[in-house]
Each structure stands twice: as structure tokens, then as C-alpha cells.
**Student:** 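Can you keep this structure in mind? I'll have questions shortly.
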Amino acid sequence: MGLLDSLEQEADKRRSGEADEAQRRAERGEIYRTQLEPAVDALHDYLQRFVAQLKVVRPRVALRHPIPGYGDVIAYLDHDYELRYIKQSHSREIKLISHATVASAECPSAVVRGSGKIKTVAALFQRHRLGGMLAPEKDAGGEVVAATFKAKGRIPLGLTASADATTAQLKLAFANYDDFATVGRSVAAAQADEALFEEIGRYLLREANSLLREDLPDNVRLHLKAKVQQQEIRRRWEARIETLQHEEVAMLRARYTLRGRIAEAFGRLRRWRRSGG
């Protein structure tokens with residue numbers, strides 16, 4: 001094949017690829033206009049009605065979020081919803097903003113020992129906008145060596161649902177509902193229907209749902225289960241070791257304190273005898 005023929009063949013391939021991509025863009029744009037725009041409008045209407053009823057009924061819905069080194073933070077939905085809908089020529093975005101108030105009385109009072117662990121837990125509290133470090137204990141050098149933590153404050157919550165002509169998918173993101181994190185999924189246009197809206201509502205109220213559930217292969221599921229078990233065993237051993245260390249330190253402190261007192265008493269007795277007392 002000559003040089004010119006080779007160049008013409010490569011140019012044909014590129015033109016064909018560009019034409020295919022243009023066709024795919026046109027198809028995604030059509031899906032967006034005919035399916036996703038109406039679906040996002042319907043989701044907004046659903047959330048409007050949903051929020052209006054929640055503000056009246058105000059069900060007591062609990063969140064339970066673990067913080068490593070502290071324990072579970074328990075909070076209850078405030079039902080203080082703010083619903084925003086942003087419409088642009090080729091995109092739609094819904095934002096649902098609310099909060100949950102920490103039930104401090106139901107949260108643990110955890111004593112954390114060691115400056116490193118205290119700093120780690122304090123940093124996690126600060127990252128999650130929580131207060132609750134009480135009664136810090138300092139050593140002779142002014143270093144905090146023990147502190148009691150009891151969570152308090154409010155947890156910001158959020159739902160974002162967005163769609164655009166580029167991807168032709170409905171993207172869902174949920175902030176701080178399952179944990180102190182943002183999780184989400186992408187939904188094909190054909191699945192953005194009333195059944196999905198129902199799953200979103202159940203998710204927001206922490207009821208049983210399959211919104212973010214994925215069917216994992218058996219080998220992956222077994223691997224994850226084994227990993228969770230290993231982490232649980234490790235946590236138990238770390239807690240046991242820490243308890244033993246605290247007991248040993250307390251025992252040594254008491255022993256040496258007693259020895260010091262006896263030695264001091266004998267010293268006073270010797271000095272008294274030498275002075276002729």
C-alpha cells in the first residue's frame with residue numbers, strides 16, 4: 001500500500017469514528033430531552049410532596065454513624081428541608097438540604113488515652129463538625145494524655161440528583177446518610193421512574209431499600225465478609241491490649257507510689273536517728 005493510500009485509509013477511519021461519536025451524542029441528547037428531563041421534573045414534584053408531608057408528620061428517624069476510637073454518634077432528622085431546582089438548557093439539578101441533631105444523651109462518653117489517639121479523634125470530630133471533647137488531662141509537660149469525648153452538634157445532610165445531555169444518566173449522591181461520607185449511583189434513563197422515587201424516599205427515611213445495593217459475585221462477597229471478620233478480630237485485640245496496658249500502668253503507678261512512700265518514711269527515720277532524736 002502506498003503512502004497516499006495509507007493516509008486516506010487512516011483519514012477514513014477517523015471520519016468514521018467522528019461520525020459514530022456524533023451519532024452517539026445525538027442519541028444521548030435525544031434520551032435526555034425525551035426521557036431524563038421529564039423524569040427529573042417528576043422527581044422534583046415527588047420530593048416537593050414528600051418534604052411537605054414530612055414537615056407535618058415529622059417522623060422520628062435515627063442515624064447511627066461510627067467514629068473510630070470513639071463509638072457511634074446517634075442523631076435524629078430535623079426535617080428542616082430546603083429544596084432547590086436548577087434548570088439549564090442541557091442539564092437539570094435537584095438539591096435537597098437538611099440536618100440531623102446529635103442526641104448527645106444517647107452518645108457514649110468515651111475516655112481516650114494517649115496524645116496521638118486524642119489528636120486523631122479530635123480531628124475526626126472537627127472534620128465532621130462535631131463538638132464534645134471534655135475534661136482533658138495533662139501531664140507535667142502540658143501534653144494532653146487523656147480526654148473524655150461526648151458528641152454534640154448537627155450533621156448536615158444532602159441529596160443531589162443531576163442529569164445532563166452528555167451522559168444521558170441520572171446521577172444520585174447522598175451526603176452523611178449512611179455514614180460520614182457521600183455515596184451515590186448512576187441510573188439509566190429508563191429506570192428513572194416512580195419505583196426509583198419510592199426507593200429514594202425510603203432511603204432518606206432510613207427504611208429498608210435497595211437503592212444502593214449491588215449484586216456482587218460470590219467470591220467478592222466472601223472476600224469482603226472475611227475482611228470484615230479480620231477487622232473485627234483486630235479491633236477486639238487492640239481493645240484488649242489497650243485495657244491490659246492501662247491496668248499495668250495503674251498497677252505500676254500504685255506499686256512505685258507505695259515504694260516511694262515507704263522509702264521516704266525510712267529516710268525520715270534515719271535522719272531522725274542521726275540527729276539524736
Side-chain angles (χ1 to χ4, degrees), residues 28 31-66 72-104 106-107 128-130 151-215:
R28 289 194 295 266
I31 291 172
Y32 172 76
R33 287 189 299 273
T34 61
Q35 298 182 46
L36 275 177
E37 278 189 351
V40 179
D41 289 342
L43 175 58
H44 179 255
D45 292 341
Y46 174 89
L47 289 174
Q48 274 187 321
R49 301 195 308 272
F50 182 71
V51 165
Q53 299 305 319
L54 288 180
K55 289 181 177 180
V56 175
V57 178
R58 302 186 67 82
R60 188 168 172 80
V61 180
L63 305 179
R64 185 181 294 269
H65 295 349
D72 286 346
V73 175
I74 301 170
Y76 291 89
L77 299 187
D78 289 340
H79 301 297
D80 59 336
Y81 303 100
E82 178 185 352
L83 185 61
R84 304 174 185 170
Y85 194 13
I86 304 170
K87 295 184 179 182
Q88 296 183 355
S89 56
H90 298 291
S91 67
R92 295 279 194 275
E93 184 178 74
I94 299 171
K95 283 186 174 293
L96 180 63
I97 301 167
S98 61
H99 299 82
T101 296
V102 175
S104 189
E106 299 180 34
C107 296
H128 304 318
R129 305 178 186 178
L130 300 174
K152 63 179 181 179
R154 298 179 83 203
I155 301 173
L157 307 171
L159 157 64
T160 301
S162 60
D164 58 56
T166 303
T167 61
Q169 290 184 326
L170 176 64
K171 296 181 180 179
L172 302 172
F174 302 89
N176 294 337
Y177 276 94
D178 276 318
D179 201 342
F180 288 110
T182 297
V183 296
R185 62 172 289 193
S186 295
V187 180
Q191 297 175 327
D193 54 17
E194 288 288 339
L196 175 69
F197 304 163
E198 178 76 10
E199 289 292 294
I200 291 173
R202 291 185 178 277
Y203 180 89
L204 295 177
L205 291 183
R206 317 312 300 137
E207 295 183 359
N209 68 87
S210 59
L211 185 63
L212 302 180
R213 190 178 304 160
E214 293 185 25
D215 294 328

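None of the values given here were measured: they were computed from a predicted structure. Below, all heavy atoms of this structure are taken into account, side chains as well, without hydrogens, waters or symmetry copies.
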**Student:** Check Leu205 against Val61 and note the closest heavy-atom contact, atom names and distance.
**Tutor:**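 That would be O-CG1, 3.4 Å.
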**Student:** Parallel, tilted or perpendicular, judged at 30° and 60°: which one describes the rings of Tyr46 and Phe50?
**Tutor:**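 Plane angle under 30°, so parallel.
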**Student:** If I compare all heavy atoms of Tyr81 with all of Leu77, which pair ends up nearest, and what's the gap?
**Tutor:**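 Looking at all heavy atoms of both residues, the shortest contact is OH-CD1, 4.2 Å.
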**Student:** Could you check Arg154, Arg58, His99 and say which one makes a side-chain hydrogen bond (donor to acceptor under 3.5 Å, both in side chains) with Asp78?
**Tutor:**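 In the set Arg154, Arg58, His99, the residue that makes a side-chain hydrogen bond (donor to acceptor under 3.5 Å, both in side chains) with Asp78 is Arg154.
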**Student:** Of all heavy-atom pairs between Leu130 and Ile155, which one has the smallest distance, and what is that distance?
**Tutor:**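 Taking Leu130 first and Ile155 second, the nearest heavy atoms are CD2-CG1, 4.4 Å.
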**Student:** Below 4.5 Å, heavy atoms only, C-beta onward: do Ile74 and Leu63 meet side chain to side chain?
**Tutor:**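 No, too far: nothing below the 4.5 Å cut-off.
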**Student:** Less than 4.5 Å apart, any side-chain heavy atom of Leu47 and any of Phe197?
**Tutor:**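 In short, these two side chains do not touch, never coming nearer than 4.5 Å.
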**Student:** Can a cation-pi geometry be assigned to Arg206 and Tyr177, taking NZ or CZ under 6.0 Å from the six-membered ring centre and within 45° of the ring axis?
**Tutor:**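 Verdict for Tyr177: no cation-pi partner in Arg206.
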**Student:** So which heavy atom on Asp178 is nearest to which on Leu212, and how close?
**Tutor:**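 Heavy atoms only, the tightest pair is OD2-CD1, 3.8 Å.
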**Student:** Parallel, tilted or perpendicular: which describes the rings of Phe174 and Tyr203, with under 30° parallel and over 60° perpendicular?
**Tutor:**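 Tilted: the ring planes of Phe174 and Tyr203 meet at 30° to 60°.
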**Student:** What's the separation between atom CZ in Arg60 and atom NE2 in His79, rounded to the nearest 0.5 Å?
**Tutor:**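 Answer for the CZ-NE2 pair, Arg60 versus His79, is 10.0 Å.
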**Student:** Does any donor atom in the side chain of Glu82 or Ser98 lie under 3.5 Å from an acceptor atom in the other side chain?
**Tutor:**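 Glu82 vs Ser98: no donor-acceptor pair found between side chains.
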**Student:** Counting C-beta onward and ignoring hydrogens, is there a side-chain heavy-atom pair between Asp72 and His65 closer than 4.5 Å?
**Tutor:**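 They are not in side-chain contact.
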**Student:** Under 3.5 Å, is there a donor-acceptor pair between the Tyr76 and Glu106 side chains?
**Tutor:**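 Yes.
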